[in-house]
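Reading through the structure tokens given below for one structure.
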Amino acid sequence: EEGLSVRVLDAAGAPAEGVPIRLSASADENGGGAGELVASRRSDAAGMVAFVHLQQRRRIQYGQDKGREVLAFVVGVAVPG
């Protein structure tokens with residue numbers, strides 16, 4: 001089972017709830033390129049987001065890199081305000 005957890009904190013170090021988090025898959029080992037959206041979620045009251053079953057996303061499914069191996073997962077954070 002492969003998963004990735006993200007914890008979002010505000011400037012004071014407190015958990016930040018409701019922050020949009022995006023997880024993308026990339027065929028570039030450094031996470032470069034546009035990447036392919038795997039999932040997007042909002043952080044919970046503890047500032048946590050969990051992405052599970054990533055072993056099912058080991059190949060790019062769409063676009064110019066379709067069929068290539070996923071070499072990196074990239075986390076994107078949309079900072080409100």
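The chain is numbered in sequence order, starting from 1.
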Who are the side chain to side chain donor-acceptor pair (under 3.5 Å) partners of Ser24, not counting sequence neighbours?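 If we apply the side chain to side chain donor-acceptor pair (under 3.5 Å) test to Ser24, skipping adjacent residues, the hits are Arg22.
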With sequence neighbours excluded, tell me which residues meet side chain to side chain donor-acceptor pair (under 3.5 Å) with Arg68. Asp65
Joint hydrophobic cluster, Ile60 plus Leu37, side-chain heavy atoms closer than 4.5 Å: no
Following the transitive rule for hydrophobic clusters with a side-chain heavy-atom cut-off under 4.5 Å over Ile, Leu, Val, Met, Phe, Trp and Tyr, establish whether Ile21 and Val38 coincide in one cluster. yes
Which residue pairs satisfy the side-chain hydrogen bond (donor to acceptor under 3.5 Å, both in side chains) criterion with at least one member in residues 40-52, sequence neighbours excluded?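 Not a single pair qualifies under side-chain hydrogen bond (donor to acceptor under 3.5 Å, both in side chains).
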Can you find a heavy atom in the side chain of Glu69 that is under 4.5 Å from one in the side chain of Arg58?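 They are not in side-chain contact.
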Would you list the atom pairs, donor with acceptor, under 3.5 Å between side chains in residues 26-36 and any protein atom, with sequence neighbours excluded?
from, atom 1, to, atom 2, distance (Å)
Ser26, OG, Asp28, N, 3.0
Ser26, OG, Asp28, O, 3.4
Ser26, OG, Gly32, O, 2.8
Asp28, OD1, Asn30, N, 2.7
Asp28, OD1, Gly31, N, 3.3
Asp28, OD1, Gly32, N, 3.3
Glu36, OE1, Gln61, N, 2.9
Glu36, OE1, Tyr62, N, 2.7
Glu36, OE2, Arg57, NH2, 2.7
Glu36, OE2, Gln61, N, 3.1

Please report, to 0.1 Å, the donor-acceptor pairs under 3.5 Å made by any side chain of residues 4-18, with sequence neighbours excluded.
from, atom 1, to, atom 2, distance (Å)
Asp10, OD1, Ala12, N, 2.9
Asp10, OD1, Gly13, N, 3.0
Asp10, OD1, Ala14, N, 2.9

For residues 47-55, please give each side-chain donor-acceptor pair under 3.5 Å, one per line with the distance, not counting sequence neighbours.
from, atom 1, to, atom 2, distance (Å)
His53, ND1, Glu1, OE1, 3.1
His53, ND1, Glu1, OE2, 3.1
Gln55, OE1, Glu2, N, 3.0

